[in-house]
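Naming: A, B, ... by sequence-line order, numbering from 1 per chain.
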Amino acid sequence: MEERSLNFLEEIIEGHLSEGKYTSIHTRFPPEPNGYLHIGHAASICLNFGLALKYKGKCNLRFDDTNPVTEETEYVESIMNDVQWLGFQWDELRYTSDYFEQLHDFAVKLIHKGLAYVDDSSSEEMAASKGDLNRPGTNSLYRDRTMEENLQLFREMREGKYPDGAKVLRAKIDMAHPNLLMRDPIIYRIKHAHHHRTGNQWCIYPMYDFAHGQSDSIEHITHSICTLEFIHHRALYDWFIEQLEIFPSHQYEFARRNLSYTVMSKRKLLQLVNEKHVEGWDDPRMPTISGLRRRGYTPESIRNFADTIGIAKRENITDVGLLEFCIREHLNKVANRAMAVLDPVKLVITNYPEGQTEELEAENNPEDENAGSRIVPFSRELWIEREDFMESPSKKFFRLGPGLMVRLKYAYIIRCDDFKKDEQGNITEIHCSYLPESKSGADSSNLKVKGTIHWLSVPHARTAEIRLYDRLFRVENPSSEEGDFKDYINPDSLQVLPNAYIEPALANAQPGDRYQFLRKGYFCADKNSTPDHLVFNRTVGLKDSWGKEAKKEG
RNA sequence: AGUUCUAUGGUGUAAAGGUAGCACAACUGAUUUUGGUUCAGUUAGUCUAGGUUCGAAUCCUGGUAGAACUACCA
């Protein structure tokens with residue numbers, strides 16, 4: 001095994017372990033259940049769970065559910081499903097809402113210490129007195145209420161005596177602090193809202209900053225890993241832990257992972273779903289874990305992707321091509337091959353007896369000796385791919401054209417003798433003759449042909465719907481373009497082929513089954529696919545060096 | 001403008017004062033009954049100016065560029 005270098009978090013952890021600061025580590029993955037997880041979260045999951053695995057520690061799954069108005073059980077379930085699908089199992093399942101009582105007591109403790117006060121200011125007044133990047137803020141009129149008064153008011157807030165927004169509880173820190181978050185941050189607000197777990201038990205809810213660090217502390221999280229935008233929150237995180245005198249968890253930040261040709265913010269993804277630019281959170285064009293799953297990605301490929309992109313502290317946009325490489329690499333090894341004709345044109349083998357059928361053996365996966373083989377029926381009339389024929393081919397075109405020879409995969413070598421066109425000039429039928437002595441596995445023809453194409457026997461082929469997906473956006477970074485990111489949606493991100501043909505061997509494909517359609521790409525039976533109406537999603541195309549060549553030729 | 005963070009080929013990521021490496025992408029060529037796979041190879045990088053040092057991507061100073069922070073969101 002070659003030695004892999006450590007990322008900055010592994011270095012920190014190994015330092016802590018060797019110094020004896022900790023004997024074991026404890027991480028956590030803390031999603032807010034207000035949306036589906038995406039590939040960026042997948043990287044974070046791999047990081048947190050991966051670190052725990054690597055250093056024989058623990059990793060919790062904790063739902064950060066402090067804002068009842070945006071959070072739903074549906075999201076909780078999808079998140080648990082996604083984490084497990086990726087191949088991870090949490091040590092403990094927790095909810096921040098498990099700690100509401102404890103968090104409330106922490107707030108009371110702060111009031112007792114004279115470090116928190118109830119403020120009646122409106123949010124406008126609070127914003128005005130906050131100051132700005134260059135100017136210090138000013139103290140609230142309510143900042144010097146007595147401890148008793150604060151205690152009573154906070155109790156009344158909890159009892160539901162005040163409407164939403166009437167009062168908040170604030171930490172008393174420093175209104176002139178250069179870090180705006182330290183200027184008496186709000187720690188509790190009133191929300192008469194139904195919570196997905198605690199129901200109507202509470203009408204005050206802690207803010208993120210007053211919940212996250214303490215939750216980490218309660219769970220004895222040693223390494224609380226989050227993304228860079230929380231870096232300024234660390235001061236607060238530490239302040240609360242210090243004032244409350246509780247287990248000192250520590251926060252470490254890394255740069256969130258971005259992917260080219262997509263958007264990653266939950267807000268934007270939600271917008272795509274709500275405004276029906278996609279069919280749902282698990283639309284195969286979405287960068288969500290559920291979308292990638294439906295698209296045909298494997299957990300292995302996503303974990304490998306996360307490993308490969310690594311982790312650091314600088315802004316980044318990873319080329320989606322790397323994700324595609326990871327899924328091709330995995331599927332090449334594990335996906336059985338099959339033939340499908342997406343854009344069919346008829347080919348007749350004029351010297352092949354009418355009514356005759358042969359059963360040809362086809363290997364399922366040349367990369368896997370144990371994959372076995374299947375039978376593919378052959379007959380006089382075949383479907384081939386329209387793009388595999390050119391009326392006047394260039395020198396580099398190794399497929400069919402007048403007088404040209406190719407091999408039919410697993411079958412015979414054929415020569416093109418003739419073809420028919422309709423009034424519009426479209427090819428309607430191709431006539432070929434076959435060389436009986438060139439049969440695969442028993443070839444005595446001594447002929448070498450440059451091209452091999454896939455095909456399907458007309459009477460035996462089954463129909464299927466095939467969905468071709470392309471990137472959702474036309475530009476690398478839709479969020480950094482001018483105007484609305486939705487202006488950059490790729491109008492051709494989905495192409496549906498309702499009447500493609502597939503091998504009879506695929507008639508019983510089950511939702512989630514993955515195949516390589518020879519020369520076309522990797523495909524996955526959609527979740528809604530049935531034997532009566534088979535639907536395949538294209539996960540990713542094969543590398544296409546001919547496509548590049550053809551482009552060069554114009 | 002204040003605070004904080006970051007800067008290595010096209011992209012992502014290593015090198016803890018000592019040969020700038022790996023992966024993807026791109027490009028050659030070989031192999032191939034998938035123009036796939038595999039194999040061999042090529043191109044291409046330390047933001048900038050000083051300083052310390054025998055020696056700097058790494059340490060120091062100044063610049064430049066990008067990002068984050070002024071939600072009763074997380």
Side-chain angles (χ1 to χ4, degrees), chain A residues 2 4-7 11 30-32 34 64-67 69-71 119 122-123 126-127 130-137 164-170 177-181 183 186-191 204-205 207-209 211-212 226-235 253 255 257 260 266-267 307-326 328-329 332-333 337 339 363 366-367 396-399 406-411 413 438 440-441 443 448-454 476 516-521 541-550:
Chain A
E2 86 214 54
R4 280 198 65 172
S5 51
L6 303 179
N7 65 47
E11 276 177 21
E32 182 189 13
N34 68 344
D64 213 341
D65 55 352
T66 58
N67 184 6
V69 303
T70 57
E71 295 153 4
D119 195 329
S122 68
S123 68
M126 282 184 44
K130 184 123 194 181
D132 61 28
L133 266 16
N134 309 308
R135 266 185 304 273
D164 289 8
K167 289 182 174 10
V168 292
L169 184 69
R170 289 229 253 173
H177 202 286
N179 180 346
L180 293 294
L181 291 165
R183 321 242 262 229
I186 294 172
I187 59 180
Y188 261 93
R189 75 291 210 190
I190 301 171
K191 271 180 197 280
I204 55 170
Y205 293 93
M207 297 288 290
Y208 166 84
D209 286 306
H212 202 100
C226 63
T227 47
L228 240 32
E229 65 267 29
F230 290 98
I231 198 161
H232 306 284
H233 294 251
R234 192 172 64 221
E253 308 87 11
R257 312 301 322 197
S260 62
K266 276 198 217 169
R267 204 194 89 245
D307 255 17
T308 306
I309 59 181
I311 129 135
K313 294 183 82 157
R314 72 184 96 123
E315 297 288 319
N316 59 79
I317 299 185
T318 301
D319 191 337
V320 67
L322 184 58
L323 215 210
E324 294 176 342
F325 165 80
C326 290
R328 283 195 193 103
E329 184 189 42
N332 176 52
K333 290 185 201 128
R337 318 282 127 131
M339 294 194 286
E363 62 180 343
E367 307 294 320
K396 286 181 176 168
F397 187 74
F398 305 147
R399 308 176 189 179
V406 293
R407 171 171 294 279
L408 295 170
K409 180 78 180 175
Y410 312 127
I413 291 175
S438 67
S440 283
D443 186 353
K448 284 260 182 286
V449 290
K450 288 193 113 164
T452 299
I453 65 173
H454 62 280
E476 259 190 46
Q516 183 198 105
F517 289 169
L518 240 43
R519 306 206 301 140
K520 298 268 78 173
L542 257 24
K543 261 179 75 177
D544 182 12
S545 43
W546 164 245
K548 270 185 211 165
E549 190 61 41

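On a pure distance criterion of 3.5 Å, no polar donor-acceptor pair joins the side chain of A:R328 and the base of B:rU37. No hydrogens or angles were tested; on distance alone, nothing pairs the side chain of A:H233 with the base of B:rA68 as donor and acceptor under 3.5 Å. Between the side chain of A:E367 and the base of B:rG36, at least one donor-acceptor pair of N or O atoms lies under 3.5 Å.
Side-chain proximity of A:L322 to B:rU70, B:rC24, B:rA16: nearest is B:rC24. Closest to the A:E11 side chain, of the nucleotides B:rA74, B:rA15, B:rU34, is B:rA15. Nearest nucleotide to the side chain of A:K543, out of B:rG36, B:rU6, B:rG2: B:rG36. In this structure, of B:rU34, B:rC69, B:rG35, it is B:rG35 that holds the atom nearest to the side chain of A:R399. Comparing atom distances between the A:L180 side chain and each of B:rC72, B:rC5, B:rU70 picks out B:rU70 as nearest. Residue A:T318 has its side chain nearest to B:rG12 when only B:rA74, B:rG12, B:rU37 are considered. Distances from the side chain of A:K409 to the nucleotides B:rU34, B:rU13, B:rU3 place B:rU34 closest. The side chain of A:F325 lies closest to B:rA25 when the candidates are B:rA7, B:rA74, B:rA25. Nearest to the side chain of A:M207, among B:rA14, B:rA74, B:rG36, sits B:rA74. Out of B:rU4, B:rG35, B:rG36, the shortest distance to the side chain of A:N332 is found at B:rG36.
Of the nucleotides present, B:rG10 is the one that pairs with B:rC24 by Watson-Crick or G-U wobble criteria, both distances under 3.5 Å. The nucleotide B:rU3 finds its pairing partner in B:rA68, both defining distances of the Watson-Crick or G-U wobble pair being shorter than 3.5 Å. As the counterpart of B:rG29, B:rC39 is assigned, both hydrogen-bonding distances of the Watson-Crick or G-U wobble pattern falling under 3.5 Å. Pairing partner, B:rA74: none, since no Watson-Crick or wobble contact has both distances short of 3.5 Å. Across all strands shown, B:rG62 forms a Watson-Crick or G-U wobble pair with B:rU48, both key distances being under 3.5 Å.
The backbone N or O of A:T452 lies less than 3.5 Å from no partner atom in the side chain of A:R399, so there is not a single donor-acceptor pair.
Base contact: A:F397 has a heavy atom under 4.0 Å from a base atom. At the heavy-atom level, A:I309 lies under 4.0 Å from the strands shown only through sugar-phosphate atoms. Here A:T66 lies in heavy-atom contact (under 4.0 Å) with sugar-phosphate atoms only. A:E253 comes within 4.0 angstrom of no nucleic acid atom, judged by non-hydrogen atoms across all strands. Counting any heavy atom pair closer than 4.0 Å across all strands shown, A:R257 reaches sugar-phosphate atoms only and no base atom. Within the 4.0 angstrom heavy-atom criterion, no nucleotide atom of any strand lies near A:P31.
Atom-to-atom, CZ of A:R183 to P of B:rU70 comes out at 11 Å; the value is rounded to the nearest Å. One interatomic measurement links the two molecules: CD of A:E329 to P of B:rC22, which rounds to 17 Å at whole-angstrom precision.
OP1 or OP2 of B:rC73 has at least one side-chain nitrogen or oxygen of A:R189 nearer than 4.0 Å. For B:rU32, the OP1/OP2 oxygens have no side-chain nitrogen or oxygen of A:K450 closer than 4.0 Å. Side-chain nitrogen and oxygen atoms of A:T308 include none within less than 4.0 Å of the OP1 or OP2 phosphate oxygen of B:rG12. OP1 and OP2 of B:rG35 both lie 4.0 Å or more from every side-chain N or O belonging to A:T452. One finds no side-chain N or O of A:R314 lying less than 4.0 angstrom from the OP1 or OP2 phosphate oxygen of B:rG12. Close to B:rG35, at under 4.0 Å from its OP1 or OP2, lies a side-chain N or O of A:R519. Checking the phosphate oxygens (OP1, OP2) of B:rC27, a side-chain nitrogen or oxygen of A:K548 falls inside 4.0 Å.
The ring of A:W546 has its center no closer than 6.0 angstrom to the ring center of A:F398.
In this pair, A:Y208 does not lay its aromatic ring on the base of B:rA74; centres under 5.5 Å and planes under 30 degrees do not both hold.
Of the inter-residue distances, the one linking A:K448 atom NZ with A:R407 atom CZ reads 9.5 Å to the nearest 0.5 angstrom.
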